[in-house]
**Student:** 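This is the structure I have questions about; it appears just below.
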Number of protein chains: 2
Amino acid sequence: MRQLSQSTASIVYNGLRQKIIDLTLKPGALLVEQKLAHEYGVSRTPVREVLVWLASEGLVEILRNRGAMVAPIRVDAVRTAQFVRESLEVSVALTAAKNMNALARLKLSHAIEEQELANAEGNAELFYQADEAMHLEIAQIAGLPLVWGYIEEAKVQMDRVRRLSLSQAQSFDKLIAQHRRIVSAIAANDPVEITDSLNAHLRQVLPDIDALRRNRPEYFDEDAQDRPVSSTLHGQTVAGLA
Amino acid sequence: MRQLSQSTASIVYNGLRQKIIDLTLKPGALLVEQKLAHEYGVSRTPVREVLVWLASEGLVEILRNRGAMVAPIRVDAVRTAQFVRESLEVSVALTAAKNMNALARLKLSHAIEEQELANAEGNAELFYQADEAMHLEIAQIAGLPLVWGYIEEAKVQMDRVRRLSLSQAQSFDKLIAQHRRIVSAIAANDPVEITDSLNAHLRQVLPDIDALRRNRPEYFDEDAQDRPVSSTLHGQTVAGLA
DNA sequence: CCACCGTAAATTGTATACAATCTACATTTT
DNA sequence: AAAATGTAGATTGTATACAATTTACGGTGG
């Protein structure tokens with residue numbers, strides 16, 4: 001995100017990643033190196049490098065000698081991501097609650113205010129930013145900013161489902177209310193309420209999965225049992241290596 | 001690990017990864033593409049691809065236009081990894097405890113027996129395998145096998161510290177005892193004991209960090225505040241892209 | 001003596017060329 | 001007709017060549 005020094009590869013990376021996340025490129029879509037190279041006006045070399053990066057993030061799937069595709073949505077992978085995110089966010093919030101002080105309180109209420117502004121303006125992009133900022137802020141209060149990287153890794157698996165779901169239409173008002181409850185619970189250092197409020201917030205994706213699989217089965221991939229559990233990447237086939 | 005079809009890149013990947021993990025290549029060691037290519041008798045292309053993979057695992061750090069190095073150990077990154085692993089393993093174990101049945105009990109006791117065999121034979125490699133297999137088995141009992149991928153990602157950050165630490169010398173007997181305690185707690189579905197036993201098992205790395213930083217400061221890198229929190233990789237500089 | 005260029009070597013970033021592999025389809029065989 | 005096989009095209013995997021950037025070092029001027 002930082003360091004816009006703009007290597008050729010970084011342009012391709014940002015462009016492709018955006019298109020995958022905002023679903024311009026649908027799950028399962030084939031990614032032919034030559035075509036991408038031509039599209040971005042570069043050679044295949046940086047394109048390949050980018051595909052490897054995206055594969056390590058779980059956004060692309062590479063099949064050895066057979067090409068790359070936008071990662072299909074896997075029910076197992078999304079459920080796992082939900083579990084991971086919930087576990088980590090609850091742990092982080094419980095830790096943050098022990099570290100609360102006046103400044104932390106202020107920062108969290110500011111984050112909420114920014115969400116309300118974005119909502120009032122109808123600026124979705126700004127809202128998502130403020131949303132992420134709040135979750136990151138909680139991690140920072142907990143003294144564990146680097147945990148956010150792990151959480152984001154799980155989050156991407158859920159984001160496409162959320163964006164595809166109709167329930168996405170549920171207005172930001174509801175989300176802000178949930179955020180308020182979370183922040184209050186942290187400020188009050190109430191472990192049970194912290195856990196409950198975060199669970200309520202993060203588990204919305206679960207019913208969405210089933211609804212989506214019914215409406216758009218073509219975006220899904222039946223979770224194959226024969227898929228090897230890779231040593232370091234989750235839910236991904238690592239046929240490209242290993 | 002599977003799919004030994006052996007592309008050129010996979011050979012380099014397995015070789016390099018092993019050398020980094022077993023510390024043949026020390027943290028901070030420079031990785032010059034040309035030298036690696038010559039060493040493995042291949043061209044720079046697959047070497048670069050491998051470096052990107054390893055960077056996404058957190059084992060290599062790539063500095064844009066300045067080359068790659070074996071990732072230095074970062075105190076923050078190791079502490080974070082410990083937090084993440086603990087959080088996930090406890091959550092998984094609590095879930096597994098609810099799913100216990102005769103078969104699951106059997107599999108866990110088998111895993112312990114294999115560890116005892118490895119210990120009796122003095123076969124460290126086998127022990128580590130059995131150790132991992134047990135943790136993975138717990139995830140499978142919980143119905144969440146894919147969580148293991150996330151855990152492993154954190155685990156690598158801790159493994160080099162453990163291997164460098166003198167406390168590593170603590171015989172396997174102690175580890176097996178800890179494993180027994182964990183398995184008993186899961187079998188008894190005793191949430192508090194599950195949490196305590198796992199914490200005791202996983203927190204050993206924390207005192208090791210300080211001792212190691214005193215003995216081998218050259219392997220460490222002061223945790224830079226100016227390092228951007230990347231969107232998807234944790235504790236890593238992503239200067240190579242973004 | 002120190003700071004400030006400026007150039008050369010080393011190294012990475014990208015492009016292109018070639019080899020290996022896979023897919024699809026036509027042909028042959030049973 | 002169905003199955004097997006062979007071949008052409010497309011696509012990926014790897015090697016090599018070239019461009020861009022960084023680093024080190026020596027000269028120059030202050």
Side-chain angles (χ1 to χ4, degrees), chain A residues 2-17 25 28-56 59-72 224 226 233 236-242, chain B residues 2-17 25 28-56 59-72 224 226 233 236-242:
Chain A
R2 198 80 69 80
Q3 186 89 354
L4 349 166
S5 53
Q6 297 307 43
S7 67
T8 302
S10 73
I11 297 170
V12 179
Y13 173 79
N14 292 323
L16 248 182
R17 188 170 200 277
L25 285 168
L30 267 74
L31 301 170
V32 178
E33 296 174 1
Q34 191 63 268
K35 287 185 183 173
L36 291 172
H38 188 263
E39 184 176 333
Y40 285 96
V42 300
S43 77
R44 275 177 58 211
T45 312
V47 169
R48 272 182 74 84
E49 191 166 318
V50 165
L51 291 177
V52 170
W53 270 107
L54 291 171
S56 79
L59 290 174
V60 158
E61 208 158 293
I62 297 174
L63 288 83
R64 184 185 167 79
N65 279 326
R66 304 181 56 188
M69 69 172 87
V70 178
D226 57 0
L233 305 168
Q236 298 313 124
T237 350
V238 200
L241 290 169
Chain B
R2 201 79 69 79
Q3 185 89 354
L4 346 167
S5 52
Q6 297 306 41
S7 67
T8 302
S10 73
I11 297 170
V12 179
Y13 174 78
N14 291 322
L16 248 182
R17 189 170 199 276
L25 284 168
L30 268 74
L31 300 171
V32 178
E33 295 174 2
Q34 190 64 267
K35 288 185 182 173
L36 291 172
H38 187 264
E39 183 175 335
Y40 285 95
V42 299
S43 78
R44 277 177 56 212
T45 311
V47 169
R48 272 181 75 84
E49 192 165 317
V50 165
L51 290 177
V52 169
W53 271 107
L54 292 171
S56 79
L59 290 174
V60 158
E61 209 158 292
I62 297 174
L63 288 83
R64 184 185 167 79
N65 280 324
R66 302 180 60 194
M69 70 172 86
V70 178
D226 58 0
L233 305 167
Q236 300 311 122
T237 350
V238 200
L241 289 171

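To find a chain, count down the sequence lines: A is the first, B the second, and so on, and within it residues start at 1.
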**Student:** Quick one: Leu63(A) CG to dC22(C) C1', roughly how many Å, whole number?
**Tutor:**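 Going from Leu63(A) (CG) to dC22(C) (C1'), I get 12 Å.
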
**Student:** What integer distance in Å separates Gln34(A):CD from dG13(D):P?
**Tutor:**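 Atom-to-atom, Gln34(A) to dG13(D), this comes out as 14 Å.
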
**Student:** May I have the distance from Tyr13(A) (atom OH) to dT14(C) (atom C1'), rounded to whole angstrom?
**Tutor:**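 To the nearest whole Å, that distance equals 20 Å.
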
**Student:** Give the rounded distance in Å between these two atoms: CD of Glu33(B) and P of dA15(D).
**Tutor:**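 Glu33(B) atom CD is separated from dA15(D) atom P by 14 Å.
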
**Student:** In whole Å, I'd like the distance from the CE atom of Met69(B) to the P atom of dT11(C).
**Tutor:**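 After rounding, the gap between these two atoms is 15 Å.
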
**Student:** Could you grab the distance from atom CG of Leu54(A) to atom CG of Leu31(A), nearest 0.5 Å is fine?
**Tutor:**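 Nearest 0.5 Å value for the CG-CG distance: 8.5 Å.
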
**Student:** If I compare all heavy atoms of Gly15(A) with all of Tyr40(A), which pair ends up nearest, and what's the gap?
**Tutor:**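 The pair with the smallest heavy-atom distance is C-OH, 3.4 Å.
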
**Student:** Name the nucleic acid region contacted by Leu31(A), choosing base, sugar-phosphate or nothing; use a 4.0 angstrom heavy-atom cut-off, strictly under.
**Tutor:**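 Result for Leu31(A) = sugar-phosphate.
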
**Student:** By nearest nucleotide on DNA chain C, pick out whichever of Asn65(A) and Ser43(A) is the more 5' one.
**Tutor:**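 Residue closer to the 5' terminus by nearest nucleotide: Ser43(A).
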
**Student:** Would you indicate, yes or no, if dG13(C) has its OP1 or OP2 atom less than 4.0 angstrom from a side-chain nitrogen or oxygen of Arg48(B)?
**Tutor:**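 Answer yes for this pair, as a side-chain N or O of Arg48(B) is under 4.0 Å from OP1 or OP2.
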
**Student:** Would you say a side-chain N or O of Thr45(A) is under 4.0 Å from OP1 or OP2 of dA15(C)?
**Tutor:**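 Looking at the OP1 and OP2 atoms of dA15(C), neither is under 4.0 Å from any side-chain N or O of Thr45(A).
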
**Student:** Give a yes or no on whether Glu39(A) atom CD has more than 12 heavy-atom contacts from other residues, nucleotides or ligands under 6.0 Å away.
**Tutor:**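 Yes, CD of Glu39(A) has more than 12 neighbouring heavy atoms, counting only those of other groups under 6.0 Å.
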
**Student:** Write down the distance between CD (Glu49(B)) and C1' (dA15(D)), rounded to a whole number of angstrom.
**Tutor:**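 Value for this atom pair: 14 Å.
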
**Student:** Separation of Leu51(B) atom CG from dT11(C) atom C1', in whole Å?
**Tutor:**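 That distance rounds to 13 Å.
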
**Student:** Going from CD on Glu49(A) to OG1 on Thr8(A), what distance comes out if it is rounded to the nearest 0.5 angstrom?
**Tutor:**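 Here the rounded value is 10.5 Å.
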
**Student:** Between Val50(B) and Val60(B), is there a side-chain heavy-atom distance shorter than 4.5 Å?
**Tutor:**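 No; the side chains remain at least 4.5 Å from each other.
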
**Student:** Using whole Å, report how far CD1 of Ile62(B) lies from C1' of dG13(C).
**Tutor:**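 Result: 12 Å.
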
**Student:** Taking the nucleotide of DNA chain C with the closest heavy atom to each, which residue, Arg66(A) or Val42(A), is nearer the 5' end?
**Tutor:**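 This one resolves to Val42(A).
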
**Student:** Looking only at N and O atoms, is any donor in the side chain of Arg44(B) or the base of dG13(C) less than 3.5 Å from an acceptor on the other one?
**Tutor:**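 Between dG13(C) and Arg44(B), which were checked side chain against base, a qualifying N/O pair under 3.5 Å is present.
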
